[in-house]
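To keep things clear, I will list the structure first and then write my remarks on it.
Note that these values count all heavy atoms, side chains included, but never hydrogens, waters or copies made by symmetry. Since we're looking at a predicted model, the values are computed, not measured. Just so it is clear: chains get the letters A, B, ... in the order the sequence lines come, proteins before strands, and each one is counted from 1.
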Amino acid sequence: MEELLCNLSPEQREAVTTTEGPVLVVAGAGSGKTRVLTHRIAYLIARGVPPSRILAITFTNKAAREMKERSIALVGDAAREVWISTFHSFAARILRMGGEAIGLPQNFTILDTDDVRSLFRAILEELNLDPKREDPRRYAAEVSRLKNEGTSPEDYLKRFDPTRPWERLLAQIYLRYEERKAQTGSLDFDDLLLRAVELLEHEAGSRLATRFRYIHVDEYQDTNPMQYRLLHALTREHANLFVVGDADQSIYAWRGADPRIFLSFVEDFPGAKVITLERNYRSTQKILDAANALIRHNPGRPPKELWTENEGKEPVRVLFAGNQNEEAEAVVKRIDALTREGYALGDIAVLYRTNGQSRVVEEALLSAGIPYRIVGGLRFYERKEIKDVLAYLRLIANPVDDLSFLRVVNEPRRGIGESTLARLRDFADSMGSSLFHAACRADEADIPRSKAKVLIGFCTLLRELGARSRELPLARFVDEVLEVTGYRAALLALPEPERSSRLENVQEFLNMATSFQALHPEADLPAFLAEVALLTDVDTFEEAEDRVTLLTLHAAKGLEFPVVFILGLEEGLLPHHLSVEEGNVDEERRLLYVGMTRAKERLFLTYAEYRSQYGSPMRPSRPSRFLEEIPSELLVVEDVRSPWAREILRRHRFSTAVADERETAGVAGLPSFGRFGSSREERLGKTGGKAGPEDEPWQPGDRLVHAIFGEGTVVQVRERGDEIELVVAFPHPLGVRTLLPRYAPIIRRKGS
DNA sequence: TATGGGTGGATTTTT
DNA sequence: TCCACCCATA
């Protein structure tokens with residue numbers, strides 16, 4: 001026991017040993033909260049608490065896995081019996097155990113975001129609405145909001161305002177959506193929580209509901225109201241609720257996390273003990289100073305200052321690039337230098353606000369031959385081939401899952417097209433059965449004989465597979481599905497780039513099945529499917545590989561890296577303009593704070609003077625307000641702009657103070673960029689090829705330099721309305737581009 | 001019913 | 001720039 005506690009700080013120790021009653025640990029970034037959680041679990045077990053009565057909720061499956069491993073390392077195999085999972089996995093698990101009590105099938109399908117979208121789409125079509133004009137996602141979001149605030153379709157039907165057509169429609173759609181899910185035995189993410197609460201309330205006092213005597217929640221600041229209700233349902237008979245969180249790291253308000261839940265813990269759970277951890281064991285003081293300075297700008301937060309004894313040598317650096325390509329190149333150059341200093345590629349992370357920003361970085365890394373891996377973007381299970389395989393498995397486990405049926409009935413091609421499916425749909429409706437069962441009796445339907453034969457064949461095939469699923473080990477079974485359905489053969493027939501990549505992904509899926517089985521030997525197909533449905537990309541991320549990691553700021557939560565680059569510190573990007581419009585700048589600030597506090601030794605922030613979103617047009621941007629909020633003496637600015645970019649900048653009359661005075665450093669120079677794009681008129685008036693002493697009309701043959709493309713020759717001058725367009729030839733591989741001299745970042749070459 | 005090309009459209013963050 | 005979806009065509 002002493003051994004367990006001896007390398008904890010006094011505050012950590014107190015958190016670990018306060019086992020009874022509600023406890024709130026306000027844990028700053030890097031203050032060892034995972035350590036506290038694992039030690040507490042170990043401590044409880046050492047004190048004789050049965051592991052199966054301990055529950056720990058984490059934010060990601062990966063965090064759960066890590067916590068489990070670390071607990072096992074501390075107390076041995078007993079920790080295997082502890083329940084450690086995310087809210088959603090926990091909910092799925094208890095629903096599979098006891099869902100019958102509230103009328104759920106044991107083999108329910110879990111719908112992911114994509115499934116939900118297509119379901120809403122289908123409903124809109126049924127109601128003869130154009131899914132193009134009525135964005136299905138909007139309804140999905142709205143319905144999700146209603147569900148999270150606990151409004152059932154029936155509630156809403158009573159409550160909505162019938163004079164508002166939109167609400168009327170929403171009520172109708174919501175109802176239908178719930179019906180369709182009930183019919184197809186499926187649950188969406190919200191349902192998992194909702195139904196779990198229902199189950200626990202229904203079964204109040206039962207073994208399930210009273211099973212957990214010690215409950216832990218990590219990242220409590222990102223808890224949403226339904227998760228909160230779930231916690232209440234679990235703590236009816238005791239208040240041993242131990243939560244860890246940091247209001248400064250709350251970055252999921254947009255997804256329904258309610259910051260008040262965190263802030264009012266002490267009132268919600270009377271007698272709660274509050275322990276604050278401010279000592280940081282991760283970053284250098286230089287990094288913490290910058291992060292502290294930034295977050296101090298958030299109003300209404302309880303003051304908290306991270307500190308460490310690790311002073312650190314390297315300052316936080318700001319790389320100031322001409323455009324996003326230069327930004328990416330500067331990052332790659334740094335990475336190269338860092339590896340020569342002895343850093344491994346796996347030590348380095350590149351963080352950004354939006355997934356789209358990864359592309360330029362990828363290209364730069366690729367051409368420098370530096371291996372990388374992307375977390376997020378297209379998640380593993382969102383890939384087509386994985387979804388296909390999953391749909392087969394889901395349909396086998398749950399034949400009434402029409403969505404999965406539709407996905408695979410003609411994948412690979414079986415000649416079942418739109419019109420056959422419409423007839424099948426009618427037939428199913430007339431019998432009130434699922435598509436699958438209708439397909440099994442397709443010969444009785446108004447369907448051409450040849451098609452009916454195919455459908456019945458498909459049905460027989462899946463039934464046989466259903467029987468096999470109970471005989472074969474999981475991975476072998478998945479393999480058989482691929483074989484028997486002809487899916488693998490179809491992949492093999494694909495043209496080359498797709499062929500190998502898809503086969504690789506399918507192979508990876510098989511590996512996942514194998515390792516899942518090794519971990520849970522008793523698990524059946526539904527258990528595996530539940531696991532996979534709740535897996536995210538971060539969960540499959542392994543540090544072991546020596547590659548640079550690319551990920552969004554959101555995905556970086558809970559991770560740490562010796563070296564961190566954060567890209568695009570520009571107004572409109574970080575803070576993102578949509579958040580600014582909604583008045584959520586504080587959350588963006590927290591997002592950056594989270595990113596900065598991931599860094600252990602080195603932190604780079606980058607800013608590009610011009611950025612193009614989706615190819616066209618290059619737009620100037622202002623440095624993020626966040627850069628100005630960090631005192632200049634805490635930052636060293638380095639100008640990494642190309643000579644072109646600098647020259648253009650000078651022409652555009654923007655200060656080059658930063659460039660010339662980088663020895664004295666500081667962001668002091670940056671605010672002078674404030675007028676950059678500050679008003680449209682100003683930009684139009686003062687920038688572009690029209691202004692300047694050589695304000696003569698453009699002519700073919702003129703030479704110019706473009707901030708991104710470099711030197712080019714004007715081949716044609718066109719007028720379009722009152723706008724002048726230049727057709728400019730750039731060297732291979734850029735080719736001919738059309739530019740608007742009024743906006744394009746170009747300058748004319750002398751002597752043209 | 002399958003395929004290809006063209007078009008229009010959209011791009012924050014994700015359990 | 002890329003992607004999803006639509007439509008015309010085989």
Q: By nearest nucleotide on DNA chain B, pick out whichever of A:I416 and A:T86 is the more 5' one.
A: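 Result: A:I416.
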Q: Name the residue closer to the 5' end of DNA chain B, choosing between A:R137 and A:L193 according to the nucleotide with the nearest heavy atom.
A: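 The answer here is A:R137.
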Rounded to the nearest angstrom, tell me the gap between atom [atom1] in [X] and atom [atom2] in [N].
| X | N | atom1 | atom2 | value |
| --- | --- | --- | --- | --- |
| A:Q221 | B:dT13 | CD | P | 20 Å |
| A:D586 | B:dT13 | CG | C1' | 16 Å |
| A:R195 | B:dT15 | CZ | P | 23 Å |
| A:R359 | C:dT1 | CZ | P | 7 Å |
| A:N355 | B:dT12 | CG | P | 10 Å |
| A:E418 | C:dC7 | CD | P | 11 Å |
| A:R590 | B:dT12 | CZ | C1' | 15 Å |
| A:Y593 | B:dT13 | OH | P | 24 Å |

Could you check, using the six-membered ring where one of them is a Trp, whether [X] and [Y] have ring centers closer than 6.0 angstrom?
| X | Y | value |
| --- | --- | --- |
| A:F528 | A:F516 | yes |
| A:H554 | A:W254 | yes |
| A:Y607 | A:F626 | no |

Q | Members of residues 250-258 of chain A that approach DNA chain B, where some heavy atom sits under 4.0 Å away | A |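 Hits under 4.0 Å, by residue number: A:Y252, A:W254, A:R255.
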Q: Please list residues of residues 223-230 of chain A whose heavy atoms come under 4.0 Å from any atom in DNA chain B, ordered by number; otherwise none.
A: none
Can you tell whether the side chains of [X] and [Y] come within less than 4.0 Å, N to carboxylate O?
| X | Y | answer |
| --- | --- | --- |
| A:E142 | A:R138 | no |
| A:K387 | A:D112 | yes |
| A:R590 | A:E587 | yes |
| A:E178 | A:K147 | yes |
| A:D586 | A:R301 | no |
| A:E411 | A:K384 | yes |

OP1 or OP2 of [N] under 4.0 Å from side-chain N/O of [X]:
| X | N | value |
| --- | --- | --- |
| A:T60 | B:dT15 | no |
| A:N410 | B:dA2 | yes |
| A:N61 | B:dT15 | no |

Q. Any donor-acceptor pair under 3.5 Å joining the side chain of A:H88 to the base of B:dT15?
A.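 Counting by modelled atom types and ignoring angles, a donor-acceptor contact under 3.5 Å is found here.
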Q) So what does A:G415 touch, heavy atoms closer than 4.0 Å: a base, only the sugar-phosphate, or nothing? A) sugar-phosphate
Q: Just call it for A:S89: base, sugar-phosphate, or nothing, with non-hydrogen atoms closer than 4.0 Å on any strand.
A: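 Counting heavy atoms under 4.0 Å across all strands, no contact is made by A:S89.
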Q. Is the ring of A:H554 stacked on the base of B:dT13, with centres less than 5.5 Å apart and planes under 30° off?
A.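 Answer is no, no stack.
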(Q) What I want to check is whether the side chains of A:Y228 and A:D258 have a donor and an acceptor closer together than 3.5 Å. (A)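 Checked: A:Y228/A:D258 side chains show no N/O donor-acceptor pair below 3.5 Å.
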Q | Side-chain donor-acceptor pair present, A:E326, A:Q324, cut-off under 3.5 Å | A | no
Q. Any sub-3.5 Å donor-acceptor pair from A:N398's side-chain atoms to A:R394's backbone N or O?
A.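 No, A:N398 side chain to A:R394 backbone: no donor-acceptor pair under 3.5 Å.
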(Q) Applying side-chain hydrogen bond (donor to acceptor under 3.5 Å, both in side chains) to A:T184 and A:D402, what does each step give before you reach the verdict? (A) CA-CA 6 Å; A:T184 57; A:D402 286 354; over 6 Å; no
Q.
Could you tell me how far B:dT11 sits from C:dC6 if I compare only their P atoms? Round to whole Å.
A. 16 Å
Q. Between B:dT14, B:dT15, B:dT1, which nucleotide gets closest to the side-chain atoms of A:T552?
A. B:dT14
Considering only nitrogen or oxygen atoms on both sides, find all protein atoms under 3.5 Å from nucleotides 3-8 of chain B and state each distance.
| residue | atom | partner | partner atom | Å |
| --- | --- | --- | --- | --- |
| B:dT3 | OP2 | A:R413 | NH1 | 2.5 |

